[in-house]
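Here is the structure we will look at, set down as structure tokens.
Heads up: numbering here begins at 1 and tracks the sequence. Note that ligands are numbered from 1 as they come in the structure, with each ligand's atoms numbered from 1 the same way.
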Amino acid sequence: MPLDRIRLSSLADKVVSAEEAASHIRDGMIVGMSGFTRAGEAKAVPRALAERAKREPFKITLITGASLGNDLDKQLAEAHVLSRRIPFQSDPALRKAINAGEVMFVDQHLSETVEHLRTHQLGPIDVAVIEAVAITAQGGIIPTTSVGNSATFAILAEKVIVEINLSQPLELEGLHDIYIPTRRPFREPIPVVTPESRVGLPFIPIPPEKIAAIVVTTKLDSASTVLPPDPETGAIAGHLMEFLKREVRLGRLTDRLQPLQAGIGTIANAVMHGFIDSPFYDLTMYSEVLQDSTFDLFDAGKLNFASGSSITLSKAKYDAVIPDIARYKPRLILRPQEISNHPEIIRRLGIIAINTALEFDIYGNVNSTHVGGTHMMNGIGGSGDFARNGYVSVFVTKSIAKGGALSSVVPMVSHVDHTEHDVDVLITEVGLADLRELAPRERARQIIANCVHPLYRDALTDYFDRALTRGGHTPHLIEEAFSWHARARETGSMLAAGT
Ligand code: COA
């Protein structure tokens with residue numbers, strides 16, 4: 001093992017196989033693992049756990065930053081290792097186990113998990129498994145491409161297993177800013193006052209004697225699966241740019257805007273590309289996941305600085321960016337997710353929050369997680385942290401899904417992640433509804449006029465008109481409110497017969 005990877009000589013004899021390290025994890029334990037949106041996850045120990053479970057069944061509660069890459073959530077779900085999974089996932093096999101009721105999934109605002117751990121509402125963490133580029137001479141852990149919840153897991157866990165990943169370049173050192181808020185009720189303000197603020201340490205400080213095992217790995221992070229921009233996402237980006245230009249004309253923002261946050265997935269990534277050809281400049285991001293678009297904006301000279309909790313890239317972008325990370329490093333920070341997503345900081349910085357909906361309703365309530373009201377997709381992630389506390393909370397989605405069989409604008413959302421109170425602007429490729437300072441009846445008119453696909457516009461207008469005859473602050477035909485979802489469940493389409 002190169003000395004630059006384990007700089008505390010007394011830890012040299014802790015290097016063991018993944019199987020031996022995994023033997024510290026036993027039935028019924030609560031395990032905290034690194035990993036956030038398929039970046040920086042521990043790669044060998046979870047695989048060893050899945051293998052062991054095939055011979056000797058056992059179950060754990062697994063808490064991470066967010067989703068794991070390298071099919072690890074799949075392997076753990078298929079080996080039936082997971083009894084409980086917190087706070088986010090995005091894997092089809094795990095999704096299946098969650099929706100079958102086999103895995104109890106706690107879908108949680110990403111800023112909250114470690115607060116619950118610290119106050120013993122959750123936990124205690126028995127073992128933390130953290131991917132690192134190196135261990136410092138004091139025993140500090142230098143994370144890799146994500147920070148997520150790793151710092152608090154390592155600090156609170158009884159034992160820590162470190163996976164030193166030799167394929168993660170040493171140049172990642174210095175990228176991280178590990179700040180742990182002081183204890184409540186006497187907590188001090190978190191001193192992040194700009195996206196560039198460095199307020200912590202470049203490593204996770206723990207007593208080295210807590211490190212029970214070290215495993216050496218070489219597997220790369222898995223590539224993100226986001227698709228490139230298309231005409232619809234281009235149109236969504238265009239509407240967003242027009243909205244922001246208007247904010248500038250009205251004197252509410254300058255051409256430098258305010259720090260940007262973008263959600264996960266294809267649509268949010270594609271929409272961020274819209275800033276490349278915009279008149280805005282000297283931009284900053286204070287976000288959670290830094291996707292391909294962040295580095296495209298750097299390369300286009302539009303973005304000055306990006307703060308996040310993880311870097312999740314497509315294969316081509318990964319190959320271009322990660323070996324060259326030293327070049328980007330002066331303009332990047334990776335923080336614990338409770339800091340990247342902290343309500344205090346999001347409110348202070350006045351963030352422009354851009355997240356993705358699966359569907360929204362005529363009053364602006366947003367469902368980002370549940371297909372048909374019942375089946376978990378990924379989880380709320382950090383969208384709620386940003387939506388409630390930003391300068392403006394924007395939700396984007398295509399107006400239809402599944403080739404038009406589903407409308408993304410419905411009479412009433414079948415599950416609510418973001419209530420109308422947390423949603424300021426809705427955008428589909430059709431147009432944009434600015435809901436700020438509007439009452440529900442006004443919101444409905446804006447949304448129906450501007451966001452609905454032509455296939456569904458008449459039906460939604462008809463629903464709203466008939467609802468109005470019943471009166472109310474937020475008029476509805478309660479017995480019909482979910483009829484579109486019920487039809488989709490029965491026939492596969494929300495379109496009425498003959499439409
Ligand atoms: N009903 C049912 N399914 C729908 C739908 C709807 N109204 N709208 C979209 N979908 C389906 C798509 O068909 C697609 O399915 P597929 O994977 O089988 O092809 C899937 O949802 C993803 O949609 P896509 O259009 O590719 O969007 P995306 O990759 O941008 O993801 C979310 C969209 C909402 C799933 C994703 O952004 C998410 O999980 N968000 C919640 C968490 C979050 O916002 N985190 C960021 C905070 S920082």
Side-chain angles (χ1 to χ4, degrees), residues 36-38 65-67 87-92 95-96 107-111 148 224-230 232-233 236-237 260-272 285-294 307-310 312 314 337 340-342 346 351-361 366-390 393-410 413-415 417-418 422-423 427-429 451-453 456 484-485 488-489 492-494:
F36 192 104
T37 51
R38 301 154 63 86
S67 50
F88 188 82
Q89 58 76 47
S90 64
D91 178 79
R95 198 178 284 156
K96 198 166 156 211
D107 176 20
Q108 202 165 56
H109 294 302
L110 294 188
S111 68
S224 90
T225 50
V226 294
L227 301 171
D230 61 26
E232 278 93 20
T233 56
I236 294 171
L260 302 167
Q261 175 263 337
I264 55 155
T266 293
I267 297 179
N269 182 58
V271 167
M272 288 302 285
M285 291 185 76
Y286 194 84
S287 198
E288 182 188 272
V289 184
L290 306 179
Q291 302 195 94
D292 285 18
S293 50
T294 299
S307 165
S309 192
S310 78
T312 302
S314 65
Q337 69 197 62
S340 64
N341 290 29
H342 204 287
I346 294 167
I351 288 184
I352 297 170
I354 306 159
N355 290 288
T356 312
L358 283 177
E359 63 178 13
F360 56 82
D361 67 26
V366 167
N367 171 12
S368 291
T369 57
H370 281 67
V371 174
T374 52
H375 280 57
M376 175 53 67
M377 176 66 89
N378 299 326
I380 191 168
S383 53
D385 294 322
F386 288 95
R388 176 154 295 180
N389 300 296
S393 167
V394 179
F395 279 88
V396 294
T397 184
K398 295 183 182 180
S399 66
I400 47 174
K402 308 293 175 203
L406 304 178
S407 172
S408 305
V409 194
V410 291
V413 282
S414 53
H415 174 92
D417 292 297
H418 310 288
D422 296 334
V423 179
I427 314 180
T428 67
E429 77 286 1
C451 298
V452 184
H453 192 278
Y456 289 94
W484 293 26
H485 298 91
R489 197 172 160 273
S493 173
M494 287 181 174

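At least one protein heavy atom sits closer than 4.0 Å to atom 1 (N) of ligand 1. Within 4.0 Å of atom 31 (O) of ligand 1, not a single protein heavy atom is present. Distance remark: protein heavy atom not present below 4.0 angstrom from atom 17 (O) of ligand 1.
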**OP:** I would like to know whether His453 and Thr428 meet side-chain contact (heavy atoms from CB on, under 4.5 Å); could you show each step before the answer?
**Re:** CA-CA 9 Å; His453 192 278; Thr428 67; over 6 Å; no
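No hydrogens or angles considered: a donor-acceptor pair under 3.5 Å links the side chains of Asp385 and Ser111. For the residue pair Asp422/Ser393, the side-chain donor-acceptor check at 3.5 Å is not satisfied. Between Ser310 and Thr37, the side chains place a donor N or O and an acceptor N or O closer than 3.5 Å (distance only, hydrogens not considered).
In terms of heavy-atom proximity, Leu260 sits nearest to Ile351 at C-CG2, 4.4 Å. Across all non-hydrogen atoms, the minimal contact from Ala66 to Leu110 is CB-CD1, 4.3 Å. Minimum interatomic distance between Phe88 and Gly379 (heavy atoms only, all atoms of both residues): CE1-O, 3.3 Å. Contact between His415 and Glu359 at its shortest, heavy atoms only, is N-OE2, 4.4 Å. Across Asn269 and Ser293, no two heavy atoms sit closer than the pair OD1-OG, 2.8 Å. The two atoms that bring Ser340 and Ser287 nearest to each other are CB-O, 3.5 Å, heavy atoms only.
Every atom of ligand 1 is numbered from 1 in the order shown, and the set under 4.0 Å from a heavy atom of Val371 is 2 (C). Under a 4.0 Å criterion applied to the non-hydrogen atoms of Asn355, ligand 1 contributes the atoms 46 (C), 47 (C), 48 (S). Within ligand 1, counting atoms from 1 as listed, the ones closer than 4.0 Å to a heavy atom of Gly382 are 47 (C). Counting the atoms of ligand 1 from 1 in the order shown, those under 4.0 Å from a heavy atom of Gly265 are 29 (O), 30 (O). Within ligand 1, the atoms closer than 4.0 Å to a non-hydrogen atom of Asn378 are 35 (C), 38 (C), 39 (O), numbered from 1 in the order shown. Below 4.0 Å from some heavy atom of Gln261 lie the following atoms of ligand 1, by number and element: 48 (S). Within ligand 1, counting atoms from 1 as listed, the ones closer than 4.0 Å to a heavy atom of Gly379 are 41 (C), 42 (C).
Formation of a donor-acceptor pair under 3.5 Å by the Thr369 side chain with backbone atoms of Ile380 is not found in this model.
Between atom OG of residue Ser407 and atom CE of residue Met494 there is a gap of 6.5 Å, rounded to the nearest 0.5 Å. Here the straight-line distance linking atom CG of Leu227 with atom OG1 of Thr233 works out to 9.5 Å at 0.5 Å rounding. One finds the CZ atom of Arg95 at 10.0 Å from the CE atom of Met376 (value rounded to the nearest 0.5 Å).
Comparing Ser287, Gly381, Ser408, Ser383 by heavy-atom distance to atom 47 (C) of ligand 1, the nearest is Ser383. Considering each of Ile354, Leu358, Thr37, the one bringing a non-hydrogen atom nearest atom 9 (C) of ligand 1 is Leu358. When Asp385, Val271, Ile380 are checked for heavy-atom proximity to atom 43 (C) of ligand 1, Ile380 turns out nearest. Considering each of Lys402, His418, Gln89, the one bringing a non-hydrogen atom nearest atom 13 (O) of ligand 1 is Lys402.
With a 4.0 Å heavy-atom cut-off, ligand 1 is reached by the side chain of Leu406 but not by its N, CA, C or O. Contacts between Lys398 and ligand 1 below 4.0 angstrom, taking non-hydrogen atoms only, are absent altogether. With a 4.0 Å heavy-atom cut-off, ligand 1 is reached by the backbone of Ile267 and by its side chain too.
Atom 46 (C) of ligand 1 has as its closest protein heavy atom Ile264 N, 3.5 Å. Atom 21 (O) of ligand 1 has Met377 CE, 3.1 Å as its closest protein atom, hydrogens excluded (heavy atom only). At the top of the distance list for atom 48 (S) of ligand 1, counting protein heavy atoms only, stands Glu288 OE2, 3.0 Å. In terms of protein heavy atoms, atom 33 (C) of ligand 1 is closest to Thr356 CG2, 3.7 Å. The nearest protein atom to atom 29 (O) of ligand 1, hydrogens excluded, is given as Thr266 N, 3.1 Å; this is a heavy-atom distance. Summary of contacts: the protein heavy atom closest to atom 5 (C) of ligand 1 is Ala401 CB, 3.6 Å.
Taking a 4.0 Å cut-off on heavy atoms, Ser90 fails to register as neighbouring ligand 1.
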